[in-house]
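So the structure is just underneath, and the comments pick up after that.
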Amino acid sequence: MLASSARFLWRIAGLISLVLGVIGIFLPLLPTTPFVLLSAFCFSRGSQRLHDWLLAHPRLGPPILEWRDHGAISKKAKWMAAIAMLLAFLIAWIGGAPKEALMLQVAVLVAVAVFIFTRPAPPADEA
C-alpha cells in the first residue's frame, strides 16, 4: 500500500513538473528544461510507462537523453536559454523592478548562464 502511494505521488509530481515545463516553452520567465528533467526523474520512480513515453517523445526526449547520457546541453538549447534569460531581465527592467531586484536577477542569471555554457555539447552537436 505504501509503495503504491509513493508511486502515485511520484506520478503526480512528474505530471506537475511536465505541465510547468510545457508552459515554460511559451513563457520566457519559466524554464522548460529543468522541469522536463525533473519530470523524467519523477516518472522513473512512479511510472515506467510515462518515463518511456517521455524519453521517446520526439521533442522532449532528446534533451533528456543528452543530459542523462552525457551531461550535455545542445548549442541551440544553450542559446535559447540565454535569449530567454535576457528577455526575462528586459521584462523586469522595463517593468520598473527595483534596482536591488535587478542586481539579484543579474547575479542569478549570470550564474545560470555560466553553468549552462560550461556543460559539454552532445556528441551529435560536435559532429
Side-chain angles (χ1 to χ4, degrees):
M1 177 77 164
L2 187 58
S4 175
S5 297
R7 283 193 305 274
F8 176 74
L9 293 175
W10 280 117
R11 283 192 300 268
I12 294 300
L15 290 170
I16 290 169
S17 63
L18 182 59
V19 167
L20 290 172
V22 170
I23 291 170
I25 293 170
F26 305 102
L27 295 177
L29 299 176
L30 191 63
T32 299
T33 304
F35 284 117
V36 173
L37 291 173
L38 177 61
S39 180
F41 175 80
C42 293
F43 287 156
S44 73
R45 281 151 176 72
S47 171
Q48 190 61 46
R49 182 178 58 84
L50 289 172
H51 184 256
D52 292 344
W53 170 82
L54 187 57
L55 293 182
H57 191 278
R59 301 293 260 164
L60 302 175
I64 297 168
L65 295 171
E66 290 166 353
W67 180 258
R68 184 191 72 186
D69 297 342
H70 307 286
I73 302 172
S74 72
K75 290 177 184 175
K76 180 181 176 185
K78 290 176 185 182
W79 286 106
M80 294 296 287
I83 290 168
M85 288 186 285
L86 180 61
L87 284 174
F89 175 77
L90 289 174
I91 289 169
W93 181 54
I94 291 169
K99 180 181 172 184
E100 295 80 11
L102 292 173
M103 291 171 44
L104 178 61
Q105 186 179 18
V106 166
V108 170
L109 292 177
V110 167
V112 170
V114 167
F115 175 80
I116 289 172
F117 280 93
T118 57
R119 300 306 98 196
D125 270 11
E126 294 174 356

Atom CZ of Phe117 with >12 non-hydrogen neighbours under 6.0 angstrom = yes
Which atom pair, heavy atoms only, marks the closest approach of Leu54 to Leu18?
-> CD1-CD1, 4.0 Å
Is there a chain of hydrophobic side chains (I, L, V, M, F, W, Y, each step under 4.5 Å between heavy atoms) that links Ile83 to Leu27?
-> no
Of all the heavy-atom pairs spanning Pro120 and Gly71, show the shortest one and how long it is.
-> CD-O, 3.3 Å
Single-linkage hydrophobic cluster, 4.5 Å side-chain cutoff, Ile16 and Leu60 together | no
In Å, rounded to the nearest 0.5 Å, how long is the span from CG of Leu20 to CG of Leu38?
-> 9.0 Å
Donor-acceptor contact below 3.5 Å, side chain Ser47 vs main chain Phe43 = no
Please round to the nearest 0.5 Å and tell me the distance separating atom CG of Asp69 and atom CD1 of Ile64.
-> 11.0 Å
Short question: side chain of Ser39, backbone of Ser17 - any donor-acceptor pair under 3.5 Å?
-> no
Closest heavy-atom pair, Arg45 versus Arg7, reported as atoms and distance to 0.1 Å, is O-CG, 3.7 Å
In one Ile/Leu/Val/Met/Phe/Trp/Tyr side-chain cluster, 4.5 Å: Phe115, Val36 = yes
Which pair of non-hydrogen atoms, one from Ala40 and one from His51, has the smallest distance, and what is that distance?
-> O-CD2, 3.1 Å
Of the non-hydrogen atoms in Lys78 and Arg119, which two are nearest, and what is the gap between them?
-> NZ-O, 2.6 Å
Specify the closest pair of heavy atoms between Ala72 and Pro122, including all atoms of both residues, with the distance to one decimal.
-> CB-N, 3.5 Å
Examine Ile116 and Val114 and state if one hydrophobic cluster contains both, with Ile, Leu, Val, Met, Phe, Trp and Tyr joined whenever side-chain heavy atoms are less than 4.5 Å apart.
-> yes
hydrophobic_cluster_shared for Trp79 and Val110, side chain cutoff 4.5 Å | yes
If you round to the nearest 0.5 Å, how far is CG of Asp52 from OG of Ser44?
-> 10.5 Å
Rounded to the nearest 0.5 Å, what separation is found between the CE atom of Met80 and the CD1 atom of Ile25?
-> 10.0 Å
State, with a plain yes or no, whether a side-chain heavy atom of Val108 is found less than 4.5 Å away from one of Gln105.
-> no
Going by the angle between their ring planes, with limits at 30° and 60°, are Phe89 and Trp93 parallel, tilted or perpendicular?
-> parallel
